[in-house]
There are 2 protein chains.
Amino acid sequence: MTDDDRVFKALADPSRRFLLDLLFARDGRTLTELESELEMTRFGVAKHLRVLEEAGLVVVRRSGREKLHYLNSVPIRQIHDRWIDKFTEQHITALIDLKRTLEEES
Amino acid sequence: MTDDDRVFKALADPSRRFLLDLLFARDGRTLTELESELEMTRFGVAKHLRVLEEAGLVVVRRSGREKLHYLNSVPIRQIHDRWIDKFTEQHITALIDLKRTLEEES
DNA sequence: TTGACAGGTGACCAAATGGTCACATAACTT
DNA sequence: AAGTTATGTGACCATTTGGTCACCTGTCAA
């Protein structure tokens, strides 16, 4: 599996996207803290976090018996630049066409 | 399942992303034409195209016995604007911090 | 009109996924 | 030291997913 694929697959689950939203709002949370926000047991949440971690979207720091989870947006940026951008960018030719159309109207 | 979720799930499979790449390069292809580019039977490709269609990423036009497939990038743009952008945008405060740092150095 | 060609349907299957639980370990607290 | 707290592991299960196939329908061409 490629890196990109791991990221796309990690983003494909709504619970995982919700976890990223939570970490976006505030970083460095523990598993139990995150667990309290989802309707799911600790084990389910831990599995999702692991998928996110393997995709590089979450990075982890151990502190005593706690595990702190941090958001890493680099992989999202990468699939954005390498793939999504291509489909979302305005095609310059279309803009030129529009410009010509507008000029002809006036 | 939400619209966004359908799109994320549709993008989660590499064969489907490849199909979108093909349609990006050239639109309006038939099923058999697309099939010839993948190492998969017609049935597999048809299933993938259906998932893409249900996510709104591909739109279809019938012409005689052929089915022509067109790319629609609007849903990609939507998840970009509604979700991805939030994680990829440069945080203005970080830029301000950097600016201050640079100014203090000189 | 008789093939050949493009596509659709439903059954089927193996593997992956999303989730649970019993149990275990390590680290704090008192 | 004993209890509580935070997390990890592996087994297990139901459902979904990705893919195939046999068979069918509709359309074009000779």
Answer with yes or no whether [X] presents, from its side chain, a donor or acceptor under 3.5 Å of a partner atom in the base of [N].
X: B:Arg42; N: C:dG8; result: yes
X: B:Lys47; N: D:dG19; result: yes
X: A:Arg65; N: D:dT7; result: no

Heavy atoms, side chains only, cut-off 4.5 Å: are [X] and [Y] in contact?
X: B:Leu19; Y: B:Val58; value: no
X: A:Leu57; Y: A:Val74; value: no
X: A:Leu11; Y: A:Ile79; value: yes

Can you check the [X] [atom1] to [N] [atom2] distance for me, whole Å?
X: A:Lys67; N: C:dA26; atom1: NZ; atom2: P; answer: 15 Å
X: B:Glu66; N: D:dG26; atom1: CD; atom2: C1'; answer: 13 Å
X: A:Lys9; N: C:dA16; atom1: NZ; atom2: P; answer: 11 Å
X: A:Phe43; N: D:dA11; atom1: CZ; atom2: C1'; answer: 13 Å
X: B:Leu38; N: D:dG19; atom1: CG; atom2: C1'; answer: 12 Å
X: B:Leu49; N: C:dG8; atom1: CG; atom2: P; answer: 9 Å
X: B:His69; N: C:dG7; atom1: NE2; atom2: P; answer: 7 Å
X: A:Arg50; N: D:dT9; atom1: CZ; atom2: C1'; answer: 10 Å

(request) Just say parallel, tilted or perpendicular for the rings of A:His80 and B:His80, cut-offs at 30° and 60°. (result)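 Rings of A:His80 and B:His80: parallel, under 30°.
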(request) Nearest-nucleotide wise, let me know which of A:Glu39 and B:Ala46 is further upstream toward the 5' end of DNA chain C. (result)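 Of the two residues, B:Ala46 wins.
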(request) Answer yes or no: does a side-chain N or O of A:His48 lie under 4.0 Å from OP1 or OP2 of C:dG19? (result)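 For A:His48, the contact criterion (side-chain N or O under 4.0 Å from OP1 or OP2 of C:dG19) is met.
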(request) Could you check which of C:dA6, C:dG8, D:dG8 has an atom nearest any side-chain atom of B:Thr32? (result)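 Nearest to the side chain of B:Thr32 among the choices is C:dA6.
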(message) Starting the side chain at C-beta, find the nucleotide from D:dT20, C:dG18, C:dC21 nearest to B:Thr41.
(response)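 Within the option list, the nearest is D:dT20.
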(message) For a quick check of understanding: with a heavy-atom distance under 4.0 Å over all strands, which category does B:Gly64 fall into, base, sugar-phosphate or nothing?
(response) sugar-phosphate
(message) Between B:His69 and B:Arg29, do the side chains contain a donor N or O and an acceptor N or O under 3.5 Å apart?
(response)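 Note: B:Arg29 and B:His69 side chains miss the donor-acceptor criterion.
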